[in-house]
Amino acid sequence: MKKNLKILGLIIARKGSRGLKNKNTKIFKGKPLVNWTLEAAKKSKLLNHVIVSTDSKKIIKLAKQTGIDAPFIRPKKLSNSQADIKSVILHTTEWLKKHRSRKYDYLMLLQATSPFRTNKHIDESIKHYFKFSNNKNETLVSVSLAPKKTSWIMEK
C-alpha cells in the first residue's frame, strides 16, 4: 500500500427507514446498530479520518461518544429514501473542504447496517484494494454469496 495516502471513512446513517423505523439506533446484541460500525471504523489502523453523515441528533451523540467526528446535520433533501448516496458523499466531502480545508485521496463508505464488519475487515479490504487496483478510478464493493433460495426476503 502506498504511504501518505489519506483515506476518509464515511459512515452514513439516516434516522428514518422504509422497512424498520429508527433501525440504526435499535439495539442489536446489546448496543445500537450504528455503534458496531462506529467502533469498527474507530479501531481501523488505515482510515485517516472518520466522519458521520446523518440527520439524527441521537446518532450524532453516539458518534461523538465513540470519538467519531459528526459535525453537521445532513440536510433534509439528502435524508429521505430517494436521496442518492453520491449526493450524500459529495455533500460531506464539500463540507470538509469548506469547513476544515481537508481533502482525501480515497473514501471508504461504511453503512451502519453491517454489524458483523470489524476493523480488521475494513483494513483488509483497503489492503486488498491497493493490491489489486490498477488506477484511482476503480472501486471495491464488498458482497457475500447469498444462500440458495433467498427470493422470499424480497416479499412482504
Side-chain angles (χ1 to χ4, degrees), residues 5-126 128-129 139-147 150-156:
L5 290 177
K6 291 186 178 182
I7 303 171
L8 174 67
L10 171 57
I11 299 172
I12 56 171
R14 292 188 305 123
K15 67 180 170 185
S17 172
R18 278 188 274 182
L20 182 60
K21 187 175 173 136
N22 300 316
K23 73 178 170 194
N24 290 316
T25 55
K26 293 250 186 247
I27 302 301
F28 178 77
K29 296 190 100 181
K31 55 186 152 185
L33 181 63
V34 69
N35 273 51
W36 294 93
T37 297
L38 293 168
E39 292 169 8
K42 179 74 175 170
K43 291 178 185 174
S44 168
K45 292 180 179 20
L46 299 178
L47 294 175
N48 299 95
H49 184 72
V50 181
I51 190 167
V52 171
S53 175
T54 185
D55 59 334
S56 166
K57 289 179 182 177
K58 186 173 184 178
I59 292 172
I60 288 173
K61 183 178 177 183
L62 292 168
K64 289 181 177 183
Q65 287 172 347
T66 311
I68 300 289
D69 194 12
F72 58 80
I73 295 259
R74 189 190 311 168
K76 285 187 180 191
K77 68 180 182 181
L78 299 176
S79 299
N80 59 45
S81 59
Q82 286 79 39
D84 64 291
I85 291 175
K86 181 180 177 182
S87 297
V88 173
I89 292 169
L90 289 173
H91 171 263
T92 303
T93 55
E94 290 300 319
W95 190 95
L96 284 167
K97 283 181 199 172
K98 182 178 179 182
H99 297 277
R100 303 265 179 87
S101 301
R102 290 188 187 168
K103 292 183 180 179
Y104 295 88
D105 300 300
Y106 292 89
L107 179 134
M108 177 174 242
L109 182 66
L110 300 165
Q111 295 181 333
T113 52
S114 299
F116 300 116
R117 177 192 50 232
T118 68
N119 60 302
K120 290 178 184 175
H121 296 127
I122 291 170
D123 291 346
E124 286 171 6
S125 66
I126 292 170
H128 181 86
Y129 174 82
T139 59
L140 173 67
V141 178
S142 67
V143 294
S144 297
L145 186 61
T150 56
S151 60
W152 63 269
I153 293 172
M154 302 307 289
E155 298 174 11
K156 280 193 173 186

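What's counted below: heavy atoms across the whole structure, side chains too, no hydrogens, waters or symmetry copies.
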A side-chain contact here means heavy atoms from C-beta on lying under 4.5 Å apart; do T25 and I59 qualify? yes
Provide the closest heavy-atom pair for Q111 versus R117 in the form atom of the first, atom of the second, distance. O-NH2, 3.0 Å
Tell me whether the count of non-hydrogen atoms from other residues, nucleotides or ligands lying under 6.0 Å of NZ in K120 goes above 12. no
If I compare all heavy atoms of K64 with all of A70, which pair ends up nearest, and what's the gap? CE-O, 3.3 Å
Any chance you could measure M108, atom CE, to I126, atom CD1, to the nearest 0.5 Å? 4.5 Å
Could you check whether atom NZ of K31 has more than 12 heavy atoms from other residues, nucleotides or ligands sitting under 6.0 Å from it? yes
Could you grab the distance from atom OG1 of T66 to atom NZ of K61, nearest 0.5 Å is fine? 12.0 Å
For a 4.5 angstrom cut-off between non-hydrogen side-chain atoms, does P32 reach K58? no
Find out whether V52 and I60 are in side-chain contact, i.e. whether some heavy atom of one side chain is under 4.5 Å from a heavy atom of the other. no
Between atom NZ of K6 and atom CG of L107, what is the distance when rounded to the nearest 0.5 Å? 14.5 Å
Compare all side-chain heavy atoms of K29 with those of P115 and state whether any distance is below 4.5 angstrom. no
Under 3.5 Å: donor-acceptor pair, side chain of D123, backbone of K45: yes
Residue pair K15 / S56: nearest heavy atoms and the distance that separates them: CB-CB, 3.5 Å
Could you tell me if S44 and N119 have a donor-acceptor pair between their side chains, going purely by distance under 3.5 Å? no
Distance, nearest 0.5 Å, that separates NZ of K86 from CG of L109: 14.0 Å
Determine whether V50 and D69 make a side-chain contact, defined as any pair of heavy atoms from C-beta on separated by less than 4.5 Å. no
Please work out which of the three classes, parallel, tilted or perpendicular, describes the rings of W95 and F72, given edges at 30° and 60°. tilted
In short, L33 meets A112 closest at the heavy-atom pair CG-O, 3.5 Å
Decide, yes or no, whether a salt bridge links K97 with E94 under the criterion of side-chain N to carboxylate O below 4.0 Å. yes
Candidates I12, L10, L47 - the one meeting side-chain contact (heavy atoms from CB on, under 4.5 Å) with L110: L47
For a 4.5 angstrom cut-off between non-hydrogen side-chain atoms, does T93 reach Y104? no
Min side-chain heavy-atom separation L62-Q65 under 4.5 Å: yes
L96 side, atom CG; K98 side, atom NZ - distance, nearest 0.5 Å: 12.5 Å
Can you tell me how far apart CD1 (I51) and CG (L8) are? Round to the nearest 0.5 Å. 6.5 Å
Could you report the tightest heavy-atom contact between V88 and L78, atom names first, then the distance? CG2-O, 3.7 Å
Among S87, S53, P71, find the residue that satisfies the side-chain contact (heavy atoms from CB on, under 4.5 Å) test when tested with T92. S53
For a 4.5 angstrom cut-off between non-hydrogen side-chain atoms, does D55 reach K76? no
Is it true that T118 and H121 share a donor-acceptor pair across their side chains at a distance under 3.5 Å? yes
